[in-house]
Enquirer: 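Supplied in structure tokens, the structure appears directly below.
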Amino acid sequence: GAGLCVTPELAICGYPPRDLLLRSDFVPGCRKALEALALRLKDAPPVLVGAPVPNPTPVGNRLHNAAVLLHEGTVTVATRKVLLPTYDVFDERRYFEPGVNCGAVTVAGWRLGVTVCEDIWNDKTFWQEHRQYETDPVADLGLAGVDAIINLSASPFTLGKQAVRERMLSRVASRYRVPVLYANQVGGNDDLLFAGKSVAFDAVGHLIARGRPFEEDTVLVDVAAGTGAICPDPAEPEAQVWHALVMGTRDYARKCGFTGAVLGLSGGVDSALVAAVAAEALGPENVRVLLMPSPHSSEGSVTDALAVARNLGLSADAVHTVPIGPMMEGFDAALAPVFGALGRTVRDVTEENIQSRIRGNLLMAVSNKSGAVLLTTGNKSELAVGYCTIYGDMAGGLAVIADVPKTLVYRVCRWRNAQAGYDLIPTAILDKPPSAELRPDQKDTDSLPPYDVLDAILECCVVHHMDRNAVVVEGFDPAVVDNVLRLVRISEFKRRQAAPGLKVTDRAFGTGWRMPVASRLVLE
């Protein structure tokens, strides 16, 4: 009984299509799909679908990011996106030409202003300190006297963004005294996660509908009556991160053609969380783990890892213990003449990295043989400062928690245990000091500041772009700050070669991180 159906931005192909848009057959394929869909829906209510369409003029980029109206078997462009973001993960000016202004369609006597994602994010009364663009397409629609504003969106998930989004949309509705209907994409596309949570606001800015978080949903809204169902949205950051990681892992595996996953289970908190996410996302029957103890591994690392596998319900024949001591001895023997010729016979980080690379080799072998995707288990704190081994523990197809700082890893684990009602991730893992166990009695704090200090410094310099002196003013030891900043800078080459990581914060080491590898920042 709906009078109009609305899909998210670029729903016909998924967002972001990136350089698929440069293929000669891609946009014609989208047009063919639109025409077929229009025929299938010719007896249905009008449908607004997000799609790429050709630029009808010979000037500028060849495409528009558009909203297309399907009605009675016909395909009509309703509007072309005006504001094209080029910050963070967005690069739309690479492909699209901006529209001149937003369009309107009339459905069942309602004149509806149609906008696409960014077009609704520039209200000057909401963004008072800084706006991305000089023009505001929604203001033009408000002056035109539309009866409601519709937004087709593919707005990526980050922690806390939904609350800002809802305040902003509420302000737009109340300012122009019209209902606002916002349809958002859901699912994972590579590193970007989309939480859904489509919403509707009445003409005074009251929330009247919200879709399910991190799940496909159809949101029904009676605009005239101002009614709809409001699905709860978990407020705890730990809950949001958990559900985002599960959705992102499931979608990455499914869309890349994987049905199973493999990972190394070390008895540490990071691999325990990744294993829990994988079991939830893919089913415990589709997760395989390797325990790869070395002569430096503690007894607890093995028993704790086995406890995680047991708690997650992994099959006994999918839990393998492969000691790496003999392989370490083989590497020592093979490399001894070379190291002797170099005059470098003292054991150092080289031998530590060999252990990690042995493990990476074993995991990749199992991934190749089984056809399962290898999940890396490094967290954001480690990736930031290079506390990881390239071609070792960084090897894999997806870095599940690469955007989750170490302190948040612990919080998510404790939240998951509370939800389970028991220690799904054993308390022993959460309580013991973090260690890579690559040498006797090694602790992470031998090389790094405590994680609460490290994460606070990284929040300043990575997320908020603060310079060295500004970070020191926050109360941190200057020597510690200098060392952290040095580690962040010299580790860029590792991050450039890292597996895709699921983005859950405002500033991730992924699509939106564009630091040079070769650089020297000189501070006076």
Side-chain angles (χ1 to χ4, degrees), residues 1-15 30 33-34 37-38 40-53 64-82 99 102-121 137-138 141 146-155 162 165-166 168-170 172-173 176 178-187 194-203 207-213 215-231:
L4 176 70
C5 300
V6 184
T7 78
E9 177 182 14
L10 294 183
I12 203 71
C13 60
Y15 186 95
C30 291
L34 283 171
L37 188 60
R40 288 178 57 194
L41 299 176
K42 60 182 172 53
D43 297 323
V47 183
L48 279 171
V49 180
V53 301
H64 287 292
N65 183 342
V68 177
L69 184 67
L70 309 183
H71 185 40
E72 296 180 344
T74 65
V75 178
T76 307
V77 175
T79 195
R80 295 170 175 85
K81 188 173 183 179
V82 177
C102 292
V105 298
T106 300
V107 176
W110 286 67
R111 181 169 167 76
L112 307 172
V114 183
T115 62
V116 180
C117 201
E118 191 85 350
D119 291 340
I120 208 167
W121 283 82
V138 173
L141 289 176
V146 295
D147 299 314
I149 294 173
I150 293 174
N151 186 261
L152 290 72
S153 185
S155 182
Q162 182 70 12
R165 177 187 293 132
E166 292 190 7
M168 183 267 299
L169 293 173
S170 173
V172 170
Y176 298 107
V178 295
V180 171
L181 313 174
Y182 172 93
N184 193 34
Q185 179 171 278
V186 66
F194 301 84
K197 305 184 191 180
S198 298
V199 290
F201 292 84
D202 64 18
L207 180 69
I208 57 175
R210 183 195 294 124
R212 292 197 299 261
E215 296 180 43
E216 291 183 359
D217 199 6
T218 300
V219 182
L220 300 176
V221 181
D222 187 330
V223 180
T227 58
I230 300 175
C231 184

Enquirer: Could you work out, with side chain to side chain contact (heavy atoms under 4.5 Å, CB included) as the rule, every residue matching Val180, not counting sequence neighbours?
Expert: Ile120, Ile149, Leu169, Val172, Ala173
Enquirer: Which value, rounded to the nearest 0.5 Å, describes the distance between Leu112 atom CG and Leu181 atom CG?
Expert: 8.0 Å
Enquirer: What are the two closest non-hydrogen atoms of Asp119 and Pro137, and how far apart are they?
Expert: O-CD, 3.7 Å
Enquirer: Out of curiosity, Cys30 SG to Leu37 CG, how far, rounded to the nearest 0.5 Å?
Expert: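 Those atoms lie 12.0 Å apart.
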Enquirer: Could you check Ile150, Leu152, Leu141 and say which one makes a side chain to side chain contact (heavy atoms under 4.5 Å, CB included) with Thr115?
Expert: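 That would be Leu141; it is the only one of Ile150, Leu152, Leu141 passing the side chain to side chain contact (heavy atoms under 4.5 Å, CB included) with Thr115.
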Enquirer: Nearest 0.5 angstrom please: Leu48 CG to Asn151 CG, how far?
Expert: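 One finds 11.0 Å between CG of Leu48 and CG of Asn151.
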Enquirer: Can you check whether Arg212's main-chain N or O pairs, donor with acceptor, with Asp217's side chain at less than 3.5 Å?
Expert: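 Side chain of Asp217 to backbone of Arg212, a donor-acceptor pair under 3.5 Å: yes, one is there.
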Enquirer: From Glu72 CD over to Leu41 CG, what is the distance, rounded to the nearest 0.5 angstrom?
Expert: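 Between atom CD of Glu72 and atom CG of Leu41 there are 12.5 Å.
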Enquirer: Can you find a pair of side-chain heavy atoms, one from Cys5 and one from Val49, that are under 4.5 Å apart?
Expert: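 No, too far: nothing below the 4.5 Å cut-off.
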Enquirer: If you take all heavy atoms of Ala148 and Val178, which pair is closest and at what distance?
Expert: CA-CB, 4.1 Å
Enquirer: Between Thr7 and Gly50, is there a donor-acceptor pair closer than 3.5 Å when you use the side chain of the first and the backbone of the second?
Expert: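 Yes, the answer is positive, given that a donor and an acceptor are paired below the 3.5 Å cut-off.
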Enquirer: Can you name the nearest heavy-atom pair linking Gln162 to Val199, along with the distance?
Expert: NE2-CG1, 3.7 Å
Enquirer: Between Ser153 and Pro8, is there a donor-acceptor pair closer than 3.5 Å when you use the side chain of the first and the backbone of the second?
Expert: no
Enquirer: Would the distance check show the side chain of Asp222 and the main-chain N or O of Ala224 forming a donor-acceptor pair, the cut-off being under 3.5 Å?
Expert: yes
Enquirer: Show the nearest heavy-atom pair for residues Pro52 and Leu10, with the distance to one decimal.
Expert: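 Here Pro52 and Leu10 meet closest at N-CD2, 3.4 Å.
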Enquirer: Judged by atom type as modelled, is there a donor-acceptor pair below 3.5 Å linking the side chain of Gln185 to the main-chain atoms of Tyr15?
Expert: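 Here the side-chain-to-backbone pair exists.
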Enquirer: Measuring from Thr76:OG1 to Leu70:CG, what's the distance to the nearest 0.5 Å?
Expert: 8.5 Å
Enquirer: Would Thr227 and Ile208 count as a side chain to side chain contact (heavy atoms under 4.5 Å, CB included) if you check the C-alpha gap in whole Å, the side-chain angles of each, and the deciding distance to 0.1 Å?
Expert: CA-CA 6 Å; Thr227 58; Ile208 57 175; over 6 Å; no
Enquirer: With Lys81 as reference, evaluate Glu118, His64, Glu9 under the side chain to side chain donor-acceptor pair (under 3.5 Å) test and give the passing residue.
Expert: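 Answer to the side chain to side chain donor-acceptor pair (under 3.5 Å) test with Lys81 among Glu118, His64, Glu9: Glu9.
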Enquirer: Between Tyr182 and Ser155, does the side chain to side chain contact (heavy atoms under 4.5 Å, CB included) criterion hold? Intermediate values first, please.
Expert: CA-CA 11 Å; Tyr182 172 93; Ser155 182; 3.3 Å; yes
Enquirer: Look at the side chain of Arg111 and the backbone N and O of Thr106, then say whether any donor-acceptor pair between them is shorter than 3.5 Å.
Expert: no
Enquirer: I need the minimum non-hydrogen distance between Ala209 and Val219, along with the two atoms involved.
Expert: CB-CG1, 3.8 Å
Enquirer: CG of Asp147 to CH2 of Trp110: how many Å apart, nearest 0.5 Å?
Expert: 6.0 Å
Enquirer: Quick test of your reading of the model: are Glu166 and Lys197 salt-bridged, counting only N-O distances below 4.0 Å?
Expert: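 So Glu166 does not pair with Lys197 through a salt bridge.
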Enquirer: With side chain to side chain contact (heavy atoms under 4.5 Å, CB included) as the test, would you mind laying out the steps for Val114 and Val105 before giving the verdict?
Expert: CA-CA 7 Å; Val114 183; Val105 298; 4.0 Å; yes
Enquirer: Looking only at heavy atoms, which two atoms of Leu69 and Pro46 are closest? And how far apart?
Expert: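 It is CD1-CB, 3.9 Å.
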Enquirer: Side-chain contact, heavy-atom cut-off 4.5 Å: Pro179 with Asp202?
Expert: no
